[in-house]
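What follows is a set of notes on a single structure, which appears directly below.
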Amino acid sequence: MKKILYFIITIIVTSCIEGTTSLPTVHKDSADIRTTTIANLSDTISDSVLILPSPHQADSLIFRLTHHYSENFNFLVKADSLTLVPREGDMMHDTCKVYQGDVIVVAAIKPLVGDSIDSIWVKVASNQHTMGWIPEQKLLQGTTPDDPISEMLDALTGSRAIWMTSIILVGLIAIAFSRRKNLRKNLLSSFFNELSSPYPSFFLILTGIIAALYASIQNFVPEFWQEYYFHPTLNPLVLPPIMATLVVMAWLLIITIIAVIDEIYHHFYFIAGITYLAKLLGFAMIVYLLISWATLAYIGYLILPILLFYLGKQMLNSIKDIKH
């Protein structure tokens, strides 16, 4: 288990180093620096600062900022197939298709105001013989960015109703199984007393904070999440503060659940350990759904402190029990 933790920490450190590596600095001799004149400086400034972007470059930059992708961006086809149609002026005059698993690159973007299908058409290519135009809406519905993190986020989002419901049902079954043996005990108290460890409480605390952060991003800055979806990174140092906090919390959540599994491994037999883990994940999913839905309605900002106070108290009690 320690090896897994070391491996995760290595990934975190590596991603941070790679994301913050700066370009090498070119060093000049002192003689070269002394020969630099005011005229040279003025020429440099005029050449680098006063050159304005062309209208096409300005439009491309605005499109990149608002749509989060641009020309030469790679998509992975997730639909069974996508139909690409030719337009006037294209070298290819036949309709063609790309299929699930194909990687396609954006070759051109063309706004068509007043078009009956879509106001933006995107030209994509799979190879020299397979290229054509597709409405942006159909493109985004049938593809994901060609990045493993983006693919994972898309898969989790598309099937969240299934896996969230499954986790809750498994947790409820585990809770019902445990209640048969402890009918007179308080449900939450008996759960936290089963394992003298601060990690389960800390895991639920992190789950609540992540739920509040994600819902807050969707409420106030949804474009941050869209930008992260198209350009994901494991390095929090290159992200806006709220997204960086979310990534750090996700790393802590992964490390904490590994610590929980390690504690369960050393304190329970197999069936009892699986039952406890199922209950913990069930509670975590209930906390996530409660806080995220409540935060979307702005009530979560009142519920979260109460939850953190209760879970923090349970975590401190667990630490005291370990010391004694």
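As the structure is a prediction and not an experimental result, all values here were calculated from the model.
- Taking a 6.0 Å sphere around CD of Q100, one finds it holds more than 12 heavy atoms contributed by other residues, nucleotides or ligands.
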Would S216 and Y301 count as a side-chain hydrogen bond (donor to acceptor under 3.5 Å, both in side chains) if you check the C-alpha gap in whole Å, the side-chain angles of each, and the deciding distance to 0.1 Å? CA-CA 10 Å; S216 299; Y301 299 112; 2.7 Å; yes

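- In summary, the side chains of H68 and Q226 do not present any donor paired with an acceptor at a separation below 3.5 Å, with no hydrogens or angles considered.
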Test side-chain contact (heavy atoms from CB on, under 4.5 Å) on L307 and V287; report intermediate values, then the result. CA-CA 9 Å; L307 177 68; V287 167; 3.5 Å; yes

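- In this structure, the side chains of D262 and Y199 stay at 4.5 Å or more apart for every pair of heavy atoms.
- Residues Y214 and I242 form no side-chain contact, since every pair of their non-hydrogen atoms from C-beta on lies 4.5 Å or further apart.
- Using a 4.5 Å cut-off on side-chain heavy atoms (C-beta onward), L84 and T95 make no contact.
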Hey, mind stepping through L246 and I210 against side-chain contact (heavy atoms from CB on, under 4.5 Å) and telling me if it holds? CA-CA 6 Å; L246 185 64; I210 288 175; 3.9 Å; yes

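- In this structure the side chain of L82 reaches within 4.5 angstrom of the side chain of I134, judged on heavy atoms.
- Of all the heavy atoms in V247 and L234, the pair that sits closest is CG1-O, 3.8 Å.
- Heavy atoms of other residues, nucleotides or ligands lying less than 6.0 angstrom from CG of L302 number more than 12.
- Checking side-chain atoms of D146 against main-chain N and O of L76 turns up no donor-acceptor pair under 3.5 Å.
- L280 places a side-chain heavy atom less than 4.5 Å from the side chain of F191.
- Heavy-atom minimum distance, P200 versus S197: CD-O, 3.3 Å.
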Could you walk me through whether N127 and T130 satisfy the side-chain hydrogen bond (donor to acceptor under 3.5 Å, both in side chains) test, starting with their C-alpha distance in whole Å, then the side-chain angles of each, then the deciding distance to 0.1 Å, before giving a yes or no? CA-CA 5 Å; N127 52 56; T130 307; 3.1 Å; yes

Apply the test side-chain contact (heavy atoms from CB on, under 4.5 Å) to residues I205 and L308: give CA-CA distance (whole Å), side-chain angles for both, the deciding distance (0.1 Å), then the verdict. CA-CA 6 Å; I205 288 174; L308 295 182; 3.7 Å; yes

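- Under a 4.0 Å N-O distance rule, the pair E136/K110 does not qualify as a salt bridge.
- Around CZ of F270, the count of heavy atoms belonging to other residues, nucleotides or ligands within 6.0 Å does not exceed 12.
- Between Y310 and F192, the ring planes are perpendicular. Angles over 60° get that label, and only those under 30° would be called parallel.
- Using modelled atom types, no side-chain atom of T143 and backbone atom of F75 make a donor-acceptor pair closer than 3.5 Å.
- W121 places no side-chain N or O within 3.5 Å of a backbone atom of A108 that could act as its donor or acceptor partner.
- Residue-environment remark: CH2 (W163) exceeds the threshold of 12 foreign heavy atoms within 6.0 Å.
- Between Y99 and D80, the closest side-chain pair of non-hydrogen atoms is not below 4.5 Å.
- Between F73 and Y69, the ring planes lie tilted relative to each other; the angle falls in the 30° to 60° range.
- Looking at heavy atoms from C-beta onward, L153 lies in side-chain contact with W225 at the 4.5 angstrom threshold.
- For the pair D102 (side chain) and S126 (backbone), a donor-acceptor distance under 3.5 Å is absent.
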Go through L112 and R87 one step at a time and tell me if the side-chain contact (heavy atoms from CB on, under 4.5 Å) criterion holds. CA-CA 12 Å; L112 293 175; R87 298 190 70 89; 3.2 Å; yes

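- Proximity of a side-chain donor or acceptor of H267 to a complementary backbone N or O of E263 within less than 3.5 Å is detected.
- Looking only at atom types and distance, the side chain of Y228 has no donor-acceptor partner in the side chain of E223 under 3.5 Å away.
- Taking the salt bridge (charged side-chain N to carboxylate O under 4.0 Å, His left out) definition, one finds that K78 meets it with D154, sequence neighbours left out.
- Among all heavy-atom pairs drawn from M131 and C96, the shortest one is O-SG, 3.4 Å.
- Paired with I264 under the rule side chain to side chain contact (heavy atoms under 4.5 Å, CB included), one option of T275, I274, L277 passes, and it is L277.
- Of all non-hydrogen atoms in A212 and L304, the two that sit nearest each other are CB-CD2, 3.7 Å.
- With contacts defined as side-chain heavy-atom distances shorter than 4.5 Å, the pair F230/D147 does not qualify.
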